[in-house]
Amino acid sequence: MGGLVSNSCFGSLQPAEFMKVFLIIFLAHIMVTHNEKYPEHTVKMDLWLLVKIGIAAVIPIFFLVKQPDLGGVLVLIAITACMILVSGIKWRIILSILGGIIIAGCIVVILYISFPEQTETFLESTGLDHVEGRFNAWLNTDENTQGGCLSAYSCHASNWFWSVDRERNWRL
């Protein structure tokens, strides 16, 4: 618990915290200049905007992937996804890409479950062995101690919601 307290002080800000703010500002700049230059939204121009957003987001994500900071990577991906939602890109493009990401994610999970040794070897050779540990903790929360903290917080949050439900008869 001491680590959580010390990380919440203003004296322990990490460069990734500033990167999140700058990513939002930079993506907003890209979207505004693109939409001013190309006021009509065609599929070609929407895809071009998506490529520009992707290139701008991949650079900071790449640097965070090399650190053992999977949470920061997920936050940057969430920021990028939210910025894409408000960028003016047509919904059919966004939903098509989202469908592709869901299919790719299912394939990754199936490959990991089917070939765990090969996946572990691949991630270790690319320097992403910390991702394998997190993913393994997510799949096996009872057996893996790395995911214990997240599981404990999830249990506490679940207990809080259930106690609110019982005390006030709220339906969540």
Side-chain angles (χ1 to χ4, degrees), residues 4 7-115 118-139 141 146-147 149-150 153-154 157:
L4 292 173
N7 284 339
S8 65
C9 297
F10 287 107
S12 64
L13 285 176
Q14 298 178 356
E17 304 304 322
F18 296 109
M19 191 175 356
K20 294 170 190 171
V21 175
F22 289 127
L23 180 65
I24 293 170
I25 294 169
F26 188 59
L27 291 179
H29 172 72
I30 288 173
M31 289 184 284
V32 167
T33 55
H34 178 88
N35 288 332
E36 286 175 353
K37 188 173 181 180
Y38 306 106
E40 187 174 329
H41 290 278
T42 63
V43 173
K44 181 180 179 181
M45 290 299 110
D46 283 351
L47 289 175
W48 177 238
L49 175 59
L50 200 57
V51 166
K52 290 193 279 188
I53 290 171
I55 290 170
V58 162
I59 295 168
I61 288 172
F62 171 76
F63 287 115
L64 277 185
V65 164
K66 288 299 184 180
Q67 299 177 4
D69 187 10
L70 186 60
V73 171
L74 294 176
V75 169
L76 290 180
I77 290 171
I79 288 171
T80 304
C82 290
M83 295 298 285
I84 288 172
L85 287 177
V86 299
S87 67
I89 295 175
K90 293 181 182 179
W91 280 98
R92 64 179 171 204
I93 295 173
I94 293 173
L95 292 176
S96 298
I97 291 171
L98 182 63
I101 290 171
I102 290 172
I103 290 171
C106 290
I107 290 171
V108 167
V109 170
I110 290 170
L111 286 174
Y112 179 79
I113 291 171
S114 300
F115 308 104
Q118 291 86 355
T119 307
E120 184 177 347
T121 304
F122 171 75
L123 289 173
E124 285 177 359
S125 67
T126 57
L128 300 174
D129 49 341
H130 61 279
V131 175
E132 191 269 334
R134 294 291 182 125
F135 192 68
N136 192 24
W138 175 67
L139 285 176
T141 55
Q146 186 176 1
C149 183
L150 179 61
Y153 287 132
S154 299

Which residues share a side chain to side chain contact (heavy atoms under 4.5 Å, CB included) with Val51, sequence neighbours left out: Trp48, Ile55

Non-neighbouring partners of Gln118 that pass side chain to side chain contact (heavy atoms under 4.5 Å, CB included), sequence neighbours left out: Phe115

Under 3.5 Å, which donor-acceptor pairs link side chains of residues 23-35 to any protein atom two or more places apart or in another chain?
unit_1, atom_1, unit_2, atom_2, d
Thr33, OG1, His29, O, 2.9
Thr33, OG1, Ile30, O, 3.1
His34, ND1, Lys52, NZ, 2.9
His34, NE2, Met45, O, 3.1
Asn35, ND2, Met31, O, 3.2
Asn35, ND2, Ser87, O, 3.1

Interatomic spacing from CG in Leu50 to CD1 in Ile84 - rounded to 0.5 Å: 5.0 Å

Approximate separation, where rounding is to 0.5 Å, of Ile61 CD1 and Leu64 CG: 8.0 Å

Selection residues 18-39 - residue pairs positive for salt bridge (Lys or Arg N to Asp or Glu O under 4.0 Å), sequence neighbours left out: Glu17-Lys20

Under 3.5 Å, which donor-acceptor pairs do the side chains of residues 88-101 form with other protein atoms, sequence neighbours left out?
unit_1, atom_1, unit_2, atom_2, d
Lys90, NZ, His41, O, 3.0
Ser96, OG, Arg92, O, 2.6

